[in-house]
Asks: 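Pasting a structure here, questions to come.
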Amino acid sequence: MANYLDHSIEFLKGVGPARAELLKKELGLVTYGDLLTYFPFRYEDRTKFYRINQLQDGMPLVQVAARITGIQLMGQRYKQRLVARATDATGTLELVWFKGIHWVHKQLKPGVDYVIFGKPSRYGRKMTMAHPEIEVATAAHSEARFLQPVYTTTETLKRKYLDSKALVKIMQGLVKAAPAHIEENLPAALRQELNLMPAAEACRQIHFPEDYRQLDLARFRLKFEELFYIQLQLLKLKEGRAARFHGRVFKDTALLTRFYNEHLPFELTGAQKRVIKEIYHDMKSGTQMNRLLQGDVGSGKTIVAFICMLLPIGEGAQATLMAPTEILARQHYQGLKPFAAAMGLKIALLTGSTKTSERKALHTALEAGALHILVGTHALLEETVKFNHLGLAIVDEQHRFGVAQRSKLWRKNKDVYPHVLVMTATPIPRTLAMTLYGDLDISVIDELPAGRKPIKTIHRYDANRLKVNAFLKQEIAKGRQVYIVYPLIEESEKSDLKDLMDGYESVCRAFPEYHVSIVHGKMKPEAKQFEMQRFVQGETQIMVATTVIEVGVDVPNASVMVIENAERFGLAQLHQLRGRVGRGADQSYCVLMSSFKLSADARTRLETMVRTNNGFEIADTDLKLRGPGDLMGTRQSGILDLKIADLGKDGHILQVAREKAREILAADPELQLPENALLKRKLAGLMAGSTMWRNIS
Ligand code: ADP
Ligand code: MG
């Protein structure tokens, strides 16, 4: 066997073939290396003994040394329980068992000293512990003060006696032998500079920490290592691509100048100007652009997209914009059309519902180069859609597309890859962006157009519905329109649909003098389109809908967004929904409706929405609440399967890791220096086995 860490855990003391099979099936643990990186999820504090009179209600798990002074079975049959009294010099503690009481009864001996470990709680005037762990006190107890690791296991494993304790035993054997075989994989200079614990020591301390300080150092070292290697891979990937893929050079800015001088409808914000400069710089550079453009809802991405298209079009190439849904594609098309018309450019829309006859003409014009801009859904990825020369591909809402689809866009050109701009309205916290899109350059529009009134957000309980309705009437009387949105979550689709229909009926009853539209996902596309149009044209004043309106509706006159059962929405979704209003000059409102009963997380979400309109702040809170796994469909991305680092909490470590990776690669791009040999070796191994290349390139 080449490497000690590749040995099968089957050969470890206390494992064997049957348990090895179980551990593989339940936890994916196959090799020594897997087991060593199966880190404890918490530790029990065995570093200190408490006296009974120091115990308080609400303390975490604590350890007490005391003598059992009485044992008693109480209650009848099903309500039977075992109560034992434990006493030290300072007081008495009551221990209670409701399950397995006969077994415990047999073990306990009055007059014997025990080490008792559990969670104290006050019961009337007594201090009690339910189901404590209890062992006869030995000399070893008073000497060994330690943090006891706790490992996650599954119900199946527990039934086969592979609980955390059993894993601790197996781990103890392995961690004794393994450190001698663990190679350091961070250069000495780097470890010195950042005070990073050696790899072998970190392995020992993370499983069986001597004390909290050693645990902290071990954690820091392992988190750093994990994040550092991700960053090193991403930067390598980015660099490799820049070297490999040439981009066509576009530098003729004549069209841009004409648009600026003759057709610019408003002064661009500073942020818009800055990102346009960054994008132009890329397209002039000679290497293929791969850039992520982030901008909150309403930050003005459409005109930025258009201005970017002018550069390739000015040199006879074409541009395309791909959106995830038909509604969104249509809206982009509507948004770009006036600009294109002003500049005398040909633009077309291609979606699944484009008629065959139209398609033919469109294909011909596209291949001949007579069509400058093609907007569409994934329909434009079909083989039959051929560009004359695609200069710039813009992809909106990246996370809704598979990466495979993005790469199909790349291949739309035979000679040279088009420049690629990925646009997203979902603000991504910096830490996450650096990991998810670390291979892309990032531009951010972090400023809203001037003069826009911030949306006022309020939270109201269902009990105050009459007051909310009165407010809505007042706004409608001023000529405004109102959205009322209901959640529709797949698992509970049926009852959600009923909620929506009930809601629709009560809205109709509460607003007899107004017209109400209704739109939901179960409607036929034509019916949906028809209802939307009625609202867009102002024939209806209220739109009752499910989250289908989350993307794609732009009605500047709609200035109130009511979100029903707001506690059921995630923060990102609430923010997107709120972005549907605030598009006109009027004061806009977002009303979050909920019941009184709110979980702590739900309350934080609603409070965050009320406090701020800043998408990045919201995304940060979201990341902290939910962790990155759930965010923005990143669950499938694979690269977020972090073993120890947590992107929600370890942003500062990530920052340092990225900085260091960058410094090292800048000084030694091919990692040829002797001090970087171990980086090179580990990186090669990672890249060979990594899914990262496939996932994000
Ligand atoms: P996004 O797509 O980023 O959500 P849009 O491009 O749809 O935002 O722009 C939102 C609204 O703001 C549009 O009505 C647009 O015309 C307007 N807008 C964009 N940029 C500016 C600007 N610099 N000044 C004033 N209004 C702007
Ligand atoms: Mg937009």
Side-chain angles (χ1 to χ4, degrees), residues 256 259-279 291-310 319 321-343 347 349 373 375 394-400 421-428 442-455 480-481 483 536 549-559 561 572-588 590 613-616 618-619 632:
L256 172 80
F259 183 70
Y260 257 68
N261 292 341
E262 296 168 24
H263 303 291
L264 195 67
F266 34 66
E267 176 73 11
L268 295 179
T269 64
Q272 284 172 319
K273 286 185 200 157
R274 190 186 66 238
V275 304
I276 290 168
K277 231 181 247 160
E278 288 164 355
I279 293 163
R291 187 171 279 278
L292 175 72
L293 174 62
Q294 289 195 58
D296 215 341
V297 244
S299 61
K301 291 184 292 297
T302 309
I303 194 161
V304 169
F306 180 76
I307 290 173
C308 293
M309 290 172 169
L310 290 177
L321 196 165
M322 180 164 79
T325 64
E326 174 146 3
I327 298 176
L328 200 55
R330 195 173 294 278
Q331 201 198 329
H332 275 304
Y333 173 70
Q334 298 294 352
L336 292 170
K337 209 161 72 169
F339 298 138
M343 294 295 288
I347 180 170
L349 176 69
I373 302 170
V375 180
I394 302 181
V395 184
D396 190 12
E397 302 258 50
Q398 198 272 331
H399 70 276
R400 289 169 198 246
L421 183 67
V422 177
M423 273 193 335
T424 169
T426 313
I428 303 165
I442 299 179
S443 290
V444 183
I445 310 183
D446 50 5
E447 183 186 352
L448 291 183
R452 202 163 294 164
K453 290 201 184 86
I455 302 163
R480 307 286 108 82
Q481 287 165 284
Y483 295 108
V536 171
I549 64 156
E550 186 184 343
V551 286
V553 195
D554 196 0
V555 183
N557 191 49
S559 63
M561 166 67 62
Q573 216 177 2
L574 288 173
H575 182 62
Q576 288 293 315
L577 282 171
R578 179 168 60 183
R580 294 298 109 206
V581 298
R583 311 205 137 215
D586 310 306
Q587 177 62 56
S588 291
C590 175
N613 277 313
N614 182 326
F616 285 92
I618 289 169
M632 300 159 271

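Remember, predicted model here, so these are calculated numbers, not experimental data. For ligands, and for the atoms within them, numbers begin at 1 and follow the listed sequence.
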Asks: Using atom types as modelled and distance alone, determine if a side-chain donor or acceptor of R274 lies under 3.5 Å from a backbone N or O of V444.
Replies: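 Answer holds: yes.
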Asks: Mind telling me whether F306 and F339 have parallel, tilted or perpendicular rings, with 30° and 60° as the class edges?
Replies: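 Taking F306 first and then F339, their aromatic rings sit tilted (interplane angle of 30° to 60°).
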Asks: Heavy-atom contacts under 4.0 Å between T269 and ligand 1: side chain, backbone, both, or neither?
Replies: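 The answer is both.
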Asks: Can you check which of P556, A305, G300 brings a heavy atom nearest to atom 8 (O) of ligand 1?
Replies: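 Minimum heavy-atom distance to atom 8 (O) of ligand 1 goes to G300.
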Asks: Out of curiosity, I373 CD1 to M309 CE, how far, rounded to the nearest 0.5 Å?
Replies: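 Nearest 0.5 Å value for the CD1-CE distance: 5.0 Å.
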Asks: Between E267 and ligand 1, which part of the residue brings a heavy atom under 4.0 Å of the ligand: side chain, backbone, both or neither?
Replies: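 The answer is the backbone.
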Asks: Ignoring angles and geometry beyond distance, decide whether I303 reaches within less than 3.5 Å of ligand 1 through its nitrogen or oxygen atoms.
Replies: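 Among all N and O atoms of I303, none is under 3.5 Å from an N or O of ligand 1.
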Asks: Give a yes or no answer on whether the side chain of Q272 reaches the backbone of G300 with a donor-acceptor pair at less than 3.5 Å.
Replies: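 It does hold such a pair.
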Asks: Is there a heavy atom of I445 sitting under 4.0 angstrom from any atom of ligand 1?
Replies: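 In this structure, I445 fails to qualify as a contact of ligand 1 - no heavy atom is under 4.0 Å.
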Asks: When you measure from the side chain of N613 to the backbone of P454, do you find a donor-acceptor pair of N or O atoms at a distance under 3.5 Å?
Replies: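 Not confirmed, N613 side chain does not pair with P454 backbone.
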Asks: Looking only at distances, can you tell me whether any N or O atom of P449, backbone or side chain, sits closer than 3.5 Å to an N or O atom of ligand 1?
Replies: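 Not met; the criterion fails.
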Asks: Using a 4.0 Å cut-off to any heavy atom of T302, which atoms of ligand 1 qualify?
Replies: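 This gives 2 (O), 5 (P), 6 (O), 7 (O) as the contact atoms.
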Asks: Closest by any non-hydrogen atom to atom 10 (C) of ligand 1: pick that one out of G298, G295, G579.
Replies: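 Among G298, G295, G579, the closest heavy atom to atom 10 (C) of ligand 1 belongs to G298.
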Asks: If only atom types and distance count, is the side chain of K301 paired as donor or acceptor with the main-chain N or O of M423 below 3.5 Å?
Replies: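 Answer holds: no.
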Asks: Ignoring hydrogens, just give me the one of E447, R452, Q294, H332 whose non-hydrogen atom is nearest atom 11 (C) of ligand 1.
Replies: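 Answer by nearest heavy atom: R452.
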